[in-house]
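Numbering starts at 1 and runs along the sequence shown. When reading the values below, keep in mind they use all heavy atoms of this one structure, side chains included, and skip hydrogens, waters and symmetry mates.
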Amino acid sequence: MFHFIYIQPLPLIALAIIASICLWYLINKYHKKYSKVLNIVLLVISIIGIVYCTLLRNGKGNNYYIELRPLYSFVLAKTQKEYYREMLMNVFLFVPLGLSLPFVIDINKHKYITIVLTILIGLLMSITIEYLQYYYHIGNVEIDDVIMNTIGVIVGSISYIISKRNI
């Protein structure tokens, strides 16, 4: 299933991110009765998906490498366009975490603290995954993954930010 998502055109993935933000905003704004349960379910599914895609699916292999230069993927993408896909997919992978987590940990009247906690949890989760990939020699350990994953959490959090605006 995850391979099916990975091969989709990049504009379609970007559109899916925007659509998920809009959908999650609508669900949380107009279906409050079910939103807490839906957010918990999406949070669990997103954590399982992240762990599967980053730790379980790869396994130990000979393709293990470490890249600690921030934003080096952009340098590589100049000659190898596949790096753009990899960066967007790292964003996409953490969007559901950003969609659901702020609604789960919602601190009433402290929306900024909720967002900061969401971003910190996403960042720490990404760093933990990269550390585990390093420790167990699974996949590739890259600073850019942490950056893109954190951007994914921030992008996903947009639905929470919009829903908490005082209009």
Restricting to non-hydrogen atoms, name the atom on [X] and the atom on [Y] that form the minimum distance, rounded to 0.1 Å.
X      : Y      : answer
Leu99  : Gly156 : CD2-O, 3.3 Å
Gly122 : Leu97  : CA-CD2, 3.9 Å
Arg85  : Gln8   : NH1-O, 2.6 Å
Ser73  : Tyr83  : O-CB, 3.8 Å

Cluster link [X] to [Y], ILVMFWY, side chain under 4.5 Å:
X      : Y      : result
Val37  : Phe103 : no
Leu93  : Val51  : yes
Tyr52  : Ile45  : no
Val116 : Val153 : no
Leu124 : Ile105 : no

With side chains defined as the heavy atoms from C-beta onward, is the minimum distance between [X] and [Y] less than 4.5 Å?
X      : Y      : value
Ser20  : Val95  : yes
Leu117 : Ile115 : no
Phe94  : Val155 : no
Ile47  : Met125 : yes
Val146 : Thr150 : yes
Ile13  : Met89  : yes
Glu67  : Tyr65  : yes

Got a donor-acceptor contact below 3.5 angstrom from the [X] side chain to the [Y] backbone?
X      : Y      : value
Asp144 : Tyr72  : yes
Ser126 : Leu123 : no
Glu130 : Glu142 : yes
Lys111 : Ile161 : no
Thr114 : Ile107 : yes

Legend entry - Electrostatic pair Lys164:Asp106 at N-O distance under 4.0 angstrom: yes
Inset, instruction - Classify the ring geometry between Tyr134 and His137 as parallel (under 30°), tilted (30 to 60°) or perpendicular (over 60°). - result: parallel
Atom pair [atom1] ([X]) and [atom2] ([Y]), whose distance is rounded to the nearest 0.5 Å:
X      : Y      : atom1 : atom2 : result
Phe74  : Arg69  : CZ    : CZ    : 15.0 Å
Asn28  : Asn39  : CG    : CG    : 4.5 Å
Leu10  : Leu15  : CG    : CG    : 12.5 Å
Leu71  : Ile147 : CG    : CD1   : 4.5 Å
Ser163 : Leu26  : OG    : CG    : 10.5 Å
Ser157 : Ile162 : OG    : CD1   : 11.0 Å

Legend entry - Chi angles and distances behind the side-chain contact (heavy atoms from CB on, under 4.5 Å) call for Glu86, Asp145: CA-CA 9 Å; Glu86 187 176 314; Asp145 288 356; 4.3 Å; yes
Inset, instruction - Among Asn149, Ile129, Leu55, find the residue that satisfies the side chain to side chain contact (heavy atoms under 4.5 Å, CB included) test when tested with Ile50. - result: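 Between Ile50 and the candidates, side chain to side chain contact (heavy atoms under 4.5 Å, CB included) is satisfied uniquely by Ile129.
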